[in-house]
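Keep in mind that the numbers below use all heavy atoms, side chains included, and drop hydrogens, waters and symmetry copies. Note on naming: letters A, B, ... go to the chains in the order of the sequence lines (proteins, then strands), and numbering restarts at 1 for each one.
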Amino acid sequence: MSYNWNWSIFFEPSLDGTHTYLTTLLWGAGWTLATAFAAFAIALSLGSVVGVARTAPQAWVRALSTCFVEVLRNVPLLVQMFLWYFVLPELLPDELGTWLKQLPDAQFYTAVVCLGCYHAARMAEVVRAGLQSLPGGQRMAGQALGLNLAQTYRYVLLPMAYRIVVPAITSEFLSCTKNTSVALAIGLMELTGSARAMQENSFQIFEAFSAATTLYLALNLIIIFAMRRVERLAVVPGYGTPQKAA
Amino acid sequence: MITLRDVCKAYGQFQVLSHCSTHVAKGEVVVVCGPSGSGKSTLIKTVNGLEPVNAGEIIIDGVSVTARGTNLSTLRARVGMVFQHFELFPHLSIIQNLMLAQVKVLKRTRPQAHKKGMALLDRVGLVAQAHKFPGQLSGGQQQRVAIARALAMDPVALLFDEPTSALDPEMINEVLDVMIELAREGMTMMVVTHEMGFARKVANRVIFMDRGEIVEDAEKNAFFDQPRSERAQQFLSKILVH
Ligand SMILES: Nc1ncnc2c1ncn2[C@@H]1O[C@H](COP(=O)(O)OP(=O)(O)OP(=O)(O)O)[C@@H](O)[C@H]1O
Ligand SMILES: [Mg+2]
């Protein structure tokens, strides 16, 4: 293999002529970070609502939430991204559709909503698993004290359910961060996108993707460390058998 | 205080309760017993509406549990319930377990709820454990906390579903002692239990259930000395021999 290594490429100006490649990569990482966090915020809140609805006493609420989950987690993410970006504006009334298309940073908002919903469906399953792992008597105990259904979820069931599924939430957060790269397909210049642009313009493929790999890894390691802290805070004294994670 | 009229409940084809009627007067202690699967737990859970019924009427302190418009949460706040597996909230400390519903349901201030909670913990001998978590207590201690939690709501009646059957033998008495004291103070209680010693000591009446029916509903001594039905006789001979 004859390849011209050139690590100083990062400090050379990119195609726009003003910023260095390093700057464009960091901008990309910034978009990735913003997309991941915004999408995960949606995933966590919407997913909790849907997860609770999956365990609701009313059959129609359960049916509706099941539909949401099954549609969103069974259509490939890339297809969903195209649907949100290209198809949705056409289906909306003209004015609204045009407004969407002309929105500045439309790619970003679309990616956030698309990823948010996709991961909300998966998060709903995580929350449901947590709720269903609790003994049925907990719900009864809450209600027997006079708490209404919403209060029972809020003060009795969810606090325990979340604690139980923290490791699964971490995994979801990590895959959400990685899945931001799919937004490249609709033209969001996130980390993978900017690495690819750098490779196409400078032909330094190894340098470009080494940088991308390192940045993704750094990002996810930060998330992992933060979630470890959350995990420690979530420990309930005397509950279950505490096991040391490596 | 508690009236059940012709209560029926079915799971699909399976009739869990058929035409159960009884009345528990204020200050009365009624023990419910019967073989496993006879519907005791279901019956006691219908009383505060935790299990919906298919037919019949349940009235607590003048309020209908089964009528459509009844606010069940408000009603349940006035009826304490103690479960076989304690069902303390594991993520809350003992005192927080006692305060939660006082604050959220009865809208007491936190200091009020705390004071009441501590007084009740003192009463069941667990003040020292106030800041521990349920998982750090023994079964007997947890059940005493569960009773204190129910009492914190100033209930008009208490329902117990086999409160001692998940406990090691040496812890049964510490829980029964609390219950006996409550009974002596005039608390209205409906207790599903196989502790016949408890029934003999404090019960006014004993209800015997089999296959979803109330087979006998008799004054305590009448029940133990001369049960009328054959099924009750058999049941008694089985559990009293051991
Ligand atoms: N959700 C349910 N669906 C179908 N059948 C049920 C359900 N819950 C209870 N049953 C049935 O109803 C019957 C009565 O149950 P219940 O728990 O009230 O009995 P029990 O007298 O309390 O028994 P045990 O002494 O074992 O606690 C049992 O035969 C049980 O299998
Ligand atoms: Mg039972």
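With chain A as the partner, the residue from B/P155, B/G80, B/G135 showing the most heavy-atom pairs under 4.5 Å is B/G135. The candidate from A/A144, A/A141, A/G137, A/P237 with the greatest count of non-hydrogen atom pairs under 4.5 Å with chain B is A/P237. Of the listed residues (B/L100, B/T74, B/V79), the greatest number of heavy-atom pairs within a distance under 4.5 Å of chain A belongs to B/L100.
At distances below 3.5 Å, not a single donor-acceptor pair connects side-chain atoms of B/H91 with backbone N or O atoms of A/L157. A donor-acceptor pair is defined here as one N or O able to donate and one able to accept, closer than 3.5 Å; such a pair exists between the side chain of A/Q138 and the backbone of B/L88.
Interatomic distance, CG of A/L145 versus CG of B/L106, reported as 9.5 Å (0.5 Å rounding). Taking CZ from B/R76 and CG from A/N148, the interatomic distance works out to 10.0 Å, rounded to the nearest 0.5 Å. Here A/L134 contributes atom CG and B/F89 contributes atom CZ; the two are 11.5 Å apart, rounded to the nearest 0.5 Å. Distance CG/B/L50 to CZ/A/R139: 11.0 Å, rounded to 0.5 Å.
Using a 4.5 Å cut-off between heavy atoms, B/R149 touches chain A through backbone and side chain atoms alike. Proximity to chain A is absent for every atom of B/K132, based on heavy atoms less than 4.5 angstrom apart. In this structure, chain B has heavy atoms under 4.5 Å from both the backbone and the side chain of A/Q143. Of the atoms belonging to B/H85, not a single heavy atom falls under 4.5 Å from chain A. With a threshold of 4.5 angstrom between heavy atoms, B/E51 approaches chain A through side-chain atoms but not through N, CA, C or O. Within the 4.5 angstrom heavy-atom criterion, only side-chain atoms of B/F83, from C-beta onward, approach chain A.
The environment of A/Y109 atom OH is sparse: at most 12 non-hydrogen atoms of other residues, nucleotides or ligands sit within 6.0 angstrom.
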